[in-house]
Amino acid sequence: MQLFDNVNEGVYRTYVFWSSVLVVKMLVMSVLTGMQRFKKKAFVNPEDIASNPKLKLKTDDPDVERVRRAHLNDLENILPYFVIGFFYILTNPDPVIAANLFRTVAVSRIAHTLVYAVVVIPQPARAIAWLIPYATSFYMAFKTIVFFL
C-alpha cells in the first residue's frame, strides 16, 4: 500500500478549503496593518513619508502594533497547522472528525483576530480563541505521531 492511498478525497478537499480560508485571512491581515498605518499615520520607512515632510517616522503606535502582533501570532500558529493538517490527512482520519477539526481551527483563528485586533475584547476571549486551534493542532500532531510510530 502506498502512503497516499490512505488519503480520503473528501478529507483532503475539506483541508484545502479551510486552509485556503486561513490563507485569505492572513492576506487580509497585511491589508489591515496597512490600513492602520494610514489611519494613524504610523509609517516605519523613510520612503513612506518622503512626499510629506510633516510626517515623522513612528514605530510604536499601539493600534498598529496590536494588528502586527495578531498577524505574527497567525504566522506562529497557522503555518504549523498547515503542516500538521496535511500530515494528519495521511492517517486516514474519520471524515466527520477531520472536517470538524479543520473547521474549528479556521473559525477559532478568525475569532482570535476579531477579539485581538478588530474589536478588542478583554481576556480570556483571546486566550480561548488561541487555545482551541492550538489544542486541535496538538491533537492532530499526536494522532499523526501515533499513526506513524
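When a residue number appears, it is its place in the shown sequence, counting from 1. From a predicted model like this one, the values you see are computed outputs, not experimental measurements.
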Open item on the list: With rounding to the nearest 0.5 angstrom, report the CD1 to OG distance, I132 to S137.
Closed with: 12.0 Å

Open item on the list: Nearest 0.5 angstrom please: W130 CH2 to E76 CD, how far?
Closed with: 10.0 Å

Who pairs with [X] by side chain to side chain contact (heavy atoms under 4.5 Å, CB included), at least two apart in sequence or on another chain?
{"X": "L114", "answer": "I110, V118"}
{"X": "I145", "answer": "none"}
{"X": "A135", "answer": "none"}

- [ ] Output every pair passing salt bridge (charged side-chain N to carboxylate O under 4.0 Å, His left out) with a member in residues 57-72, not counting sequence neighbours, ordered by first then second residue.
- [x] K40-D61, K40-D63, K58-D61, E65-R68

TODO: Just grab all the salt bridge (charged side-chain N to carboxylate O under 4.0 Å, His left out) pairs involving residues 125-149, residues at least two apart or on different chains.
DONE: none

Could you go through residues 82-98 and list every donor-acceptor pair under 3.5 Å that involves a side-chain atom there, pairing it with any protein atom two or more places apart or in another chain?
from : atom 1 : to  : atom 2 : distance (Å)
T91  : OG1    : Y88 : O      : 2.6
D94  : OD1    : V96 : N      : 2.9
D94  : OD1    : I97 : N      : 3.1

Open item on the list: So N77 and N73, do their side chains get closer than 4.5 Å, heavy atoms only?
Closed with: yes

- [ ] Would you indicate whether the side-chain heavy atoms of P46 and L57 approach each other to under 4.5 Å?
- [x] yes

Can you name the residues that form a side-chain hydrogen bond (donor to acceptor under 3.5 Å, both in side chains) with [X], not counting sequence neighbours?
{"X": "N52", "value": "none"}
{"X": "R103", "value": "N100"}
{"X": "W18", "value": "none"}

Can you give me every donor-acceptor pair (side chain of residues 29-38, partner residue at least two apart or in another chain, under 3.5 Å) with its distance?
from : atom 1 : to  : atom 2 : distance (Å)
T33  : OG1    : M29 : O      : 2.9
R37  : NH1    : A42 : O      : 2.8

Open item on the list: With a sphere of 6.0 Å drawn around CD of Q123, does it hold more than 12 non-hydrogen atoms of other residues, nucleotides or ligands?
Closed with: yes

Task: Residues that K25 engages under salt bridge (Lys or Arg N to Asp or Glu O under 4.0 Å), provided they are two or more places apart - done: D74

- [ ] Can you label the angle between the Y15 ring and the Y12 ring as parallel, tilted or perpendicular, going by 30° and 60°?
- [x] tilted

- [ ] Could I get the full list of ring-ring contact (aromatic ring centres under 6.0 Å, His included) partners for Y81, not counting sequence neighbours?
- [x] none

